[in-house]
Number of protein chains: 2
Amino acid sequence: MKKCQENYSDFNQPKLILTLAKPTFIFMSLILDNIGKHVTLTEEEKVLFLSKTKTINVKAKTMLLNAGEISRYTYFVNQGILRSFNVTDNIVEHVLSFACKDWWIGDMYSLISGKPGHLFIEVIEDAELVLLSREDQEKLFHQIPKLERFFRILVENSLVAHQERLMDNLSLTAEERYEKFCQKYPSLITSVPQKHIASYIGVTPEFFSKMKAKLLRNSSH
Amino acid sequence: MKKCQENYSDFNQPKLILTLAKPTFIFMSLILDNIGKHVTLTEEEKVLFLSKTKTINVKAKTMLLNAGEISRYTYFVNQGILRSFNVTDNIVEHVLSFACKDWWIGDMYSLISGKPGHLFIEVIEDAELVLLSREDQEKLFHQIPKLERFFRILVENSLVAHQERLMDNLSLTAEERYEKFCQKYPSLITSVPQKHIASYIGVTPEFFSKMKAKLLRNSSH
DNA sequence: CTGCTTTCTTAACCTAGGTTAAGTAATTCA
DNA sequence: TGAATTACTTAACCTAGGTTAAGAAAGCAG
């Protein structure tokens, strides 16, 4: 737990230091494949869609979005790891979601309301991201109705996942929630600081540490 | 807390005892007005949409959906109160959501996966409901793209609400969550059994009762 | 109106997880 | 490489909320 004041405030002046990049060749079709899981676009539609996106490289620790800012972009992860979280009492962080390769992340509240959001979005591991602005997204919904279908399905799935997590938080112990986390995000277990995992499942880093020690003790003997 | 076994099992044989009803005149346009909040349909589109819906009257205590069943319908509430909940260890209920006049409710997981769901949907107060089957809904998405837009927006809003509730559960006390509940559902405070409110905010009925007594004591003097 | 069922309350006791604090291991960056 | 920061662990103590149980109140069907 840390004072977020000091950590995030210096982000305000220099404004996003990032590298505009031609999408790395091996990732060019990752986002199209992702869309292809739910709808089939024509070649022309693919080109039109890609023309509205920007691809950027961002270093670990970059804060892509601060609470209180209006969010314009939805992010698709070609590579790397991000997290979104909020901060209560200026101190305690709560991780809302992680995003790794082939996942989408954004501040839906700010995107749809156009108001300042409550979320921070931070790069945990150097990342290559595809950006889609809400403005372009909505234009694309008119030009390519299949894209609106795609995002409708994407949001439906996300809603179901959030409903399940809500119920899990009400009915499972911290240990059981950790087990589910491990199933859902196996790749993250070792690659993000465990205090963020603790925050995601809803316990303090201290309790998480105690819990993990207990799990080890029980499994080894 | 009760054994759900006895309460719900008798629902299986007689299958939905309900009254097929012409939508009550005063509610005829409630669902159209609701849709009109986000998209504008032509008169023909309205007629087409309504032709795919059924309106029914259901008595309090009817179980519209049991966990383990495949859910075919999304419900819109013209009048009355419903709740959706799951049951863990065959005993403990967790309320996922309430729905009163002008709200939508359904088991999104089962609807989109086509698999048996985990939710029960129960009528708390005699209700008039508009039913839309997933099958018809998807046909309508092709015939009236604006309807797909409407549901995309509806689900986006629902996602934001669920994200906020998730964060609230991680960061607020039971008392603060109750306060938020009162703001969000003022009409329910007195009209649903308070054990359901306790469940919604994530505490036991006993603790809820204790908490309420404390609030009263503090406010009165 | 009456008995039965469901809901609500109260109270004593319990526990999962939080807090504080201090020390140890990793990272990071100069 | 080594000082400084950040992350993790451990342990003693604490508390919000759970559990169990029993009685009171309120709904409701006959």
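First the proteins, then the strands, lettered A, B, ... as listed; each starts at 1.
Whole-Å rounding puts the B:Ile124 CD1 to C:dT6 P distance at 16 Å. Straight-line distance from the NE2 atom of A:His196 to the C1' atom of D:dT6: 11 Å, rounded to whole Å. Rounded to an integer number of Å, the gap from A:Leu172 CG to C:dA16 P is 15 Å. Taking atom CD on A:Glu175 and atom C1' on C:dG17, their separation rounds to 12 Å, with Å as the unit. B:Lys210 places its NZ atom 14 Å from the P atom of D:dT15, with the value rounded to the nearest Å. In this structure, CZ of A:Phe207 is placed 14 Å from P of C:dT15, rounded to the nearest angstrom.
Comparing C:dC8, C:dG18, C:dA21 by their closest approach to the side chain of A:Glu206 singles out C:dA21. Among D:dA7, C:dC8, C:dG17, the nucleotide with an atom closest to any side-chain atom of A:Val203 is C:dG17.
Contact annotation: A:Lys212 side-chain N/O to D:dT9 OP1/OP2 distance is under 4.0 Å. Listed pair A:Thr173 / C:dA16 fails the phosphate criterion, with no side-chain N or O lying under 4.0 Å from OP1 or OP2. Of the side-chain N and O atoms in A:Arg177, one or more sit less than 4.0 angstrom from OP1 or OP2 of C:dG17.
Taking the side chain to side chain contact (heavy atoms under 4.5 Å, CB included) definition, one finds that A:Leu111 meets it with A:Ser71, A:Thr74, A:Arg134, sequence neighbours left out. Residues meeting the side chain to side chain contact (heavy atoms under 4.5 Å, CB included) test with A:His162, sequence neighbours left out: A:Leu96, A:Ser158, B:Leu159, B:His162, B:Gln163, B:Leu166.
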- request: Carefully, step by step, assess A:Tyr178 and A:Lys212 under the rule side chain to side chain donor-acceptor pair (under 3.5 Å).
  value: CA-CA 10 Å; A:Tyr178 178 51; A:Lys212 244 189 42 178; over 6 Å; no
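No donor-acceptor pair closer than 3.5 Å links the side chain of A:Glu138 to the backbone N or O of A:Glu135.
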